[in-house]
Structure formats: C-alpha cells, structure tokens
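Sequence lines set the chain letters: A, B, ... in the order given, protein chains first and strands last, and positions in each chain run from 1.
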Amino acid sequence: MSHDHSLNPEVMPENPEKATLEGKNKFLGFWFFLGGETVLFASLFGTYLALKGSNGSGPTAEELFGLELVFIMTMLLLTSSLTSVYAMYHMKNNDFGKMQLWLGITVLLGLGFLGCELYEFYHYIHGEDFTFRSSAFGSAFYTLVGFHGGHVAFGLLWITTLMVRNAKRGLNLYNAPKFYIASLYWHFIDVVWVFIFTVVYLIGKVG
Amino acid sequence: MSTAVTHKKGFGAFLWDYITTVDHKKIAHLYLIAGGLFFLIGGLEAMLIRIQLIKPANDFVSAGFYNEILTMHGTTMIFLAAMPIIFGLMNAVVPLQIGARDVAFPFLNSLGFWLFLFGGLLLNASWFLGGAPDAGWTAYAPLSTTSPGHGVDFYILGLQISGAGTLMGGINFLVTIINMRAPGMTYMRMPLFTWTIFVTSVLILFAFPALTVGLFLLMFDRMFGSGFFDPTMGGNSVIWEHLFWIFGHPEVYILILPVFGVFSEVMSTFAKKRLFGYTAMVFATVLIGFLGFMVWAHHMFTVGLGPAANSIFAVATMAIAVPTGIKIFNWLLTLWGGNITVNSAMLWSLGFLPTFTIGGTTGVMLAAAAADYQYHDSYFVVAHFHYVIVGGVVFGIFAALHYWWPKMFGKILNEKLGKLTFWLFFIGFHLTFFIQHFLGLMGMPRRYWVFLPDQGLDTGNLISTIGAFFMAAGTIVFLINVISTSVKKQEVAGDPWDGRTLEWSIPSPPEHYNFKQLPLVRGLDPLWVEKTEGRKEMTPAEPLGDIHMPNNSILPFVMSLGFFIAGFGFIYQVDDLSWLTAVFVGMGIALGAMFVRSVKDDLGYHIHKEDLEKGAK
Ligand code: HEM
Ligand SMILES: [Cu+2]
C-alpha cells in the first residue's frame, strides 16, 4: 500500500489508475459502486414504467415531451463523454495540462446539459402545469429524470473539485485513480441518460 | 473489551481512540457492542409482545403501542441487531482469514459503522418523540403512507442512513476479498466464512439500492406530496411491495449465509476434519445467493399477481432447498467420523442442524403458492421465519461469538455458562416457536394485538410466552458470561482451538497491523497444512519490511452526525418549515466533512521495520 508521493515519472505506467494497490482498490470498488447504482436506476425505471400511464387529468407523455431539446441534451452529454475519454487518454500519456483542458470542456458540456434540463423542468411546471404533485406519472417522471440530473450535478462538482485541488501539483499515482474513476462515473451517467432518452422520451413520444 | 490500550490511557483517550478508529478489528468491537445493545432492545420488545399475548383478551399494552413494539422489534432485530453483529464478525475475521493487513477502504469502514449507529439512534429516537413507527417492519403502503404522526418518517430516514452504511460495508468487503488475499490464497482456498461473506456482500450490493429507492419514494409520498403509492393520484401500492421484497428477500440470505460460513468453520475445527465437500459448499453458497434474488414475489402470492407468476416464483423458491440440502448433508458428513469436541460453539452448531431443517421444511410448505393462501399472515409464518432467523442466524451468532471471542479479545468465554446459555435458549426457543406452527394452522393471525378466549389458542400462547422467558434467561446468562470474562485476567495464546485457518496463526488479539509478514498459503486450511508438516506457524511470503497504515479520523463520525441532524430536519419540516434549517445545517456538516476529506490528502504512516523487529524480540 506504499505510495511514494513524489511519483511523477517521465512516463506514466500503462495503467496509472491501477498501478498501486490503493488505485486498484479504488478502481474495483468503484465498479461495484456502479453495479449498485445500476440497481438504483433500474428500480426507478421500473417504477416509472409502471406509472407512466397514470397521468390522471394532466398532460400525457406524448403531449408533453418535445424531442428537439432532449436531442440537444443528448448530444451535449454524449460529446462530454467523448471529451472525458480524451482527458483519460492524456492522463495515460502523462500530459496533465491537456487532461485538465479536456476535463474542463467536459464540465462545460455537462453544465450545458444541466441548463437545458432546468429549462425543460421550468417549462413543464410553468407552461404546462405539470409538476411532481400532478399525478403518479408526474412524481415518477421528476424522480427518475431528477435523480439523473442530481447525478450530473454531483459529477460536475466532483470533477471540478478534483481539477482545482490538483491544479498546482500535477499528475501522480495518488490522484490518477481519482481522475480515472470520476471519468468512469461520468460515462455511467451518460449511459443512464441514453436509457432515459429511449425509455422516457422516445417511447413516451411514440406511445 | 480490554486491549493493551485501556491500561495505558485514560477513559477519554480510550473513547477517542474508538470514535476515530479505522482499524477493522476495533470497528468489529463497535459493531458488536452497538448491535448487542440493539439486540437487547429488540429482545425487550419481543418480551412485551409475548407478555401481551400470554392470555386471551389481555390489556397489558394498548393496541397502538402493540403496533409500535411489533414494528420496532422486527425492524430492530433485522437492521440494527442481526446485520450489524454479522458486520462485526466479518470485520473481526475476514481480513485475518485471507491474510490481509487491512481492509481495502478503512475510512469507509468506519463511516459505514457510524452511519449504521446514527441511523439506528434516529430510528429509536422516535420512542421519545411522539411514537415509534407502527406500520410493520415491511411498512406496506398505504398503511405506511397514511400512518399519522412521525413514526414512519423515523423509519424512513433511520433506515436510509443506516442502509447507506451497509452498502459501503458490502463494497468494502468485496474489494478486500478480491484484491487483498495473501500470496497463495486462491479463491478455492478461501475459508468458507470468507466465501459466504463474499457472496453476502454481492447480495448487499444488489439488494440495498432497491430499498434505497423504495424509502425515497415513501419519503416523497409522505413528505413532499408525490403519488407513487396513492391510488387517487394514479399510484400503485404494489410497487412498494415489489421494491421492498426485491430488497427484503435477499436480505434474509444476507443474514443466513454468513452463519452458514460460521457453522462450517466451527464444525470442521471441532470435528478435527477438513470441511466435507468444500467445493460443493462453495457452489451451493453461490447458487443460494443467485436464487435468493429470483424469488422475492413469494412474499406476494396473495397480492394477485396471477397463477403464472405465482408458479414461477414458487418453483424458484423450492429450488433453493436443493443447495441448502447439499449444505446440511455436507455438515453432517463433516461430523461423521470426526474427533468431535462438544463445547459451547459446537453445541450451537449441533442445535442449528435440526432446527434449521424444520425451518427449511416449513419454508418449502410456504412456497407452495396455493397452500400459502392458507398460511399467509398467520402465526405459521411467524413460526417459520423465527425457525430460520433465530434457529439459524441467532444460533450462528452465538456459535461465532464463542468461537472467535478469544481471537477478538484474548479471553475464552466460560464454558459452563456458555452451555447453560445454550440449553436455556435452545429449550426456550422450541417452546416458543414450535407451538406457533399449530397456532397458525388453527387460525391465529399474525400481528394481532389480542386473541379471543375459548378458540383453542390459550394454552399454545401461554407455552409460547413461557418459552420466551427461557430465552431471555439464556441471554442474561450470556451477558453475565461476557462481563465476568471481561474482568478476568486470563489471556489466551493465538491458537486456543488448534485451529485450521489463518486467523489462528497470529496472537490474540492480533497486532493492529495483523500480520508482521504476509503468510504464504499452500492449501486449504493453511495453518493446518503447516501443522501436519510439523511447523508451528506460517511461512512468511515476504521479507520483513515497513508496513503502511491508515490514519485515524474523526470525519466519519462527523459526517454521520451531520446526516443524523439533517434527518430530524427532514422529518419535522412537514410541520414547520423552519426545520429546514436543520436540513441545511446537517447536510452542511456532512458535505463539509466530505469536502475536508477530499482536499486533505490522507497518506497514512509507516510502521518501520526496526520497530517490528523490536516487537518481535
Ligand atoms: C429471541 C426472542 C424472540 C421472540 C420471543 C420474538 C417474538 C416475536 C413475536 C411475538 C413477533 C410477532 C409476530 C406477529 O404477531 O406477527 C415477532 C415478529 C418478528 N420478529 Fe421476532 N422474536 C424474537 C427474536 C427475533 C429475532 C432475533 C429476529 C431477527 C433477527 C426477529 C425478527 C422478527 C421479525 C422480522 C418479525 C416480524 C415483525 C412484523 O411482522 O412486522 N425476532 N417476533
Ligand atoms: Cu423470501
């Protein structure tokens, strides 16, 4: 478990995120955590599917959703996943500056996504009179999509903290795993969104 | 609980040491003490229930209070007593059994404990703040969504907080077991207890998030006006049942698998034989874990899912009897022809075999969906789950405590008192619960406050209550045993039972770094392998070197305290929005502590080789 702190070699080992036992533990532990998160979202999806028709006298999914905005949101999030891949690529090449740059872009794209989502919710609540308390459908919709949005916000906070925290000291074998799992988390959020896009919006629109 | 520390430091320092500890062996003590206290509280509640039911039309407790003690008894026993004690055992033993210096995430380990404890305190605070939850430990909607007062809110937040702690523990042990085994400790050389903890951890990982979601939805319905379970808004209360049992059924395997591991260790040690059918035992464990996920709807046969769903779940449930049967036979064959020592730990194990077999049999009866329409929510069910939970889990916990006590505390529990505990509890147990099968078949419903006279239920209930007093007496004898052993001076060597696995190769209690040098594992039952070749201890797998250790930290305690405070805020903001202050203060404390944790590097420290050599003399 020893980690020499000055470890900042000319060349990073092939997989810096797994080069120390601590890194290995973090890496594996995080994968398990994502397994738990999968069950969490699966439960929310199941609930949503069971309740999506229960809109009472309120608007139905079909009346409510517009695909343009969610399409933009999807693009933003998918692109941000790609940019985080670039960041990890530069991490493995020990190029701290470029890694930070691409992470920065990732954060901006994520912020864009979150902005769109807030706009969407605002629009539903004030424009369509569709709220968390409108019907079981409303509760399920805001809970599922909101949980995802909360994950996005948390991910942004996390990546930003990491970037700020390590700005001065560069990359080493102690923080490489931290960057790596943050990017894993970001991919996970992206994958969940793809399901939301399909299950909530596409199916909601098509019926 | 006396370690060397007690003698050197004052009580304040001792307490501080435990509050900030990240040592899995001390965290084990904490789990044991806290879980033990909750076990006593849950036991007290059980006694109140049984006293109320001692005679027909009794008015010892009120109907409302009865609902509260019934709910809290079940909730406490499952979440705050049985599971934490098992967490205590796994913390005490698993790293030692696999030859690891530590767990993968020591900080998280401590956080997990404090979350559990503060969650449990929050739940029990309800007693003093206007009433405990009263909708049953299953909290079925709409009973739970419409239950007045704040009882159910305490249930929701208490379990949410302690559940988060459990999830962390599960992940921690998965990673520990996968990444930190000593050289040579292949999967098929892992002791069975470690194997069962491994599978249990997988179950925790996949079961608890369903509970998390269920509790959130319940919270939203009760506190924020959503309509998940409210039919007038289009909601559906069966969703709660599904989420609860997707968690709840695996939960009973989370409880029982570890004690299967315990019995395997105890029986092979005291029969002086290698566990019979080791490979089959491993596969049976994995198979039970897997099937445990497939059968949750057997709790919902009477909901009206339809004959097709009921049949599938019935057959899947019955299938679990196969790997379980394999286990029972393997235990019997481990004993067969063994050189058996019958001490306290072994008594609990022998008592378990017939008891659990009865519980398993009634389980298969319940799994027959058509027949379950008759048994459902009758005392037959109560008898069944106590035969498995008490006859399995509690017996296993007692066996484990007698077996590993010397490893944890350096002292052996008194054998005479140990045997007395067993006999009182064992006889009391069967008196209490065997007759409940018949009470159930005669029509006595579950969860009823009173039963009527002259329906043939009087004698059975009286006997049942008398049995409960026997169990209480057994528990008291055990407590006396613990206290008198703790104040005694006698200390034991590393290997009092002539053990087979790695934990017995080091001193009792172990040094805080566990192993001075990682051991080289050359087979199943590694210490026994060395013993049969004439050596007294393990061959080291590495030269003596510096050992890296994690730093203690107060942050887990602070974080959990933050969530505890926020919990009150969430519960009371419904009455008065100014309680949102508590939400913000509490979350602020928790997030602040997380922030400190993430910006402050915690690099730990090293124990130097020279100091280790000095220690070795
Ligand atoms: C040791 C002595 C114990 C006694 C005398 C006892 C007694 C009882 C009684 C009378 C009930 C109520 C049954 C009903 O009317 O529905 C009950 C329920 C329950 N008990 Fe125990 N119990 C004991 C130990 C335990 C333990 C150790 C556990 C778990 C580890 C446990 C778990 C439960 C659960 C889950 C319920 C169901 C609660 C509910 O229906 O909401 N019990 N117990
Ligand atoms: Cu079940």
Side-chain angles (χ1 to χ4, degrees), chain A residues 1-5 18 21-58 131-140 142-144 146-147 157-158 161-162 164-166 169 174-175 178, chain B residues 101-105 108 167-168 170-172 174-176 178-180 201-202 204-214 216-217 220-221 224-236 238-240 242-243 246-247 545-550 591 594-595 598-601 603-604 606:
Chain A
M1 205 181 272
S2 72
H3 38 166
D4 194 344
H5 213 234
K18 290 187 284 189
L21 178 60
E22 259 193 338
K24 269 198 212 97
N25 288 346
K26 281 209 175 81
F27 178 79
L28 185 65
F30 201 75
W31 272 106
F32 283 127
F33 172 74
L34 291 183
E37 289 265 277
T38 306
V39 178
L40 188 120
F41 276 105
S43 306
L44 289 172
F45 273 108
T47 308
Y48 174 80
L49 285 174
L51 296 177
K52 76 174 181 346
S54 306
N55 54 305
S57 54
T131 72
F132 184 62
R133 299 176 188 187
S134 297
S135 60
F137 166 54
S139 308
Y142 283 106
T143 302
L144 171 58
F147 252 79
L157 212 68
W158 180 6
T161 315
L162 270 182
V164 174
R165 169 72 185 117
N166 293 294
R169 63 172 165 187
Y174 177 63
N175 60 25
K178 297 187 179 207
Chain B
R101 290 238 165 77
D102 206 342
V103 293
F105 308 109
L108 217 58
L167 188 62
M168 286 173 193
I171 294 180
N172 200 349
L174 278 175
V175 178
T176 304
I178 294 178
N179 273 355
M180 300 183 65
S201 302
V202 176
I204 289 175
L205 177 62
F206 290 117
F208 267 75
L211 178 69
T212 307
V213 169
F216 267 126
L217 303 188
F220 293 165
D221 268 17
F224 303 116
S226 61
F228 290 103
F229 309 128
D230 179 358
T232 62
M233 288 173 72
N236 183 346
V238 177
I239 294 175
W240 166 264
H242 277 297
L243 288 174
I246 287 173
F247 146 77
D546 293 356
I547 297 177
H548 178 252
M549 299 293 294
L591 291 175
M594 281 183 209
F595 184 74
S598 60
V599 298
K600 239 185 75 185
D601 288 344
L603 299 171
H606 284 89

Original post:
Taking the side chain as C-beta and beyond, is there a heavy-atom pair between A:R169 and B:D601 under 4.5 Å?
Top reply: yes
Original post:
Using non-hydrogen atoms only, which part of A:F30 is less than 4.5 Å away from chain B: side chain, backbone, both, or neither?
Top reply: neither
Subject >> Segment of A:L28 engaging chain B (4.5 angstrom heavy-atom cut-off) >> reply: both
Subject >> Closest non-hydrogen atom pair, A:A136 against B:G235 >> reply: CB-N, 3.5 Å
Original post:
Which answer fits A:T143, side chain, backbone, both or neither, if we ask what part of it has an atom under 4.5 Å from a heavy atom of chain B?
Top reply: side chain
Subject >> Heavy-atom pair with the smallest gap, counting every atom of A:G29 and B:V175 >> reply: CA-CG2, 3.3 Å
Original post:
Which atoms of A:A50 come close to chain B, meaning under 4.5 Å heavy atom to heavy atom: side chain ones, backbone ones, both, or neither?
Top reply: side chain
Subject >> Inter-residue atom distance A:L21.CG - B:H548.NE2, 0.5 Å rounding >> reply: 10.5 Å
Original post:
What part of A:R165 gets closer than 4.5 Å to chain B, counting heavy atoms only: side chain, backbone, both or neither?
Top reply: side chain
Subject >> Interatomic distance, A:N25 atom CG to B:N172 atom CG [nearest 0.5 angstrom] >> reply: 8.5 Å
Original post:
To the nearest 0.5 Å, how far apart are OG in A:S54 and CG in B:D230?
Top reply: 11.0 Å
Original post:
Got B:I246 and A:V39 here, is their nearest side-chain heavy-atom distance under 4.5 Å?
Top reply: no
**OP:** Please determine, among B:T212, B:I178, B:N236, the option with the most heavy-atom pairs under 4.5 Å with chain A.
**Re:** B:I178
**OP:** Might you point out which heavy atoms bring B:M233 and A:R133 nearest each other, and give the distance in Å?
**Re:** CE-O, 3.2 Å
Original post:
Atom CZ of B:F206 and atom CZ of A:F32: how far apart are they, to the nearest 0.5 Å?
Top reply: 8.0 Å
Original post:
Short question: side chain of B:S226, backbone of A:S139 - any donor-acceptor pair under 3.5 Å?
Top reply: no
Original post:
Is it the backbone or the side chain of B:L205 that comes under 4.5 Å from a heavy atom of chain A, or both, or neither?
Top reply: both
Original post:
Among B:F216, B:F229, B:F208, B:F595, which residue forms the greatest number of heavy-atom pairs with chain A at distances under 4.5 Å?
Top reply: B:F216
**OP:** Test B:L603 against A:Y174 for side-chain contact (heavy atoms from CB on, under 4.5 Å), laying out the working first.
**Re:** CA-CA 9 Å; B:L603 299 171; A:Y174 177 63; 3.9 Å; yes
**OP:** Rounded to the nearest 0.5 Å, what's the gap from CG on B:L174 to CH2 on A:W31? Could you check?
**Re:** 15.0 Å
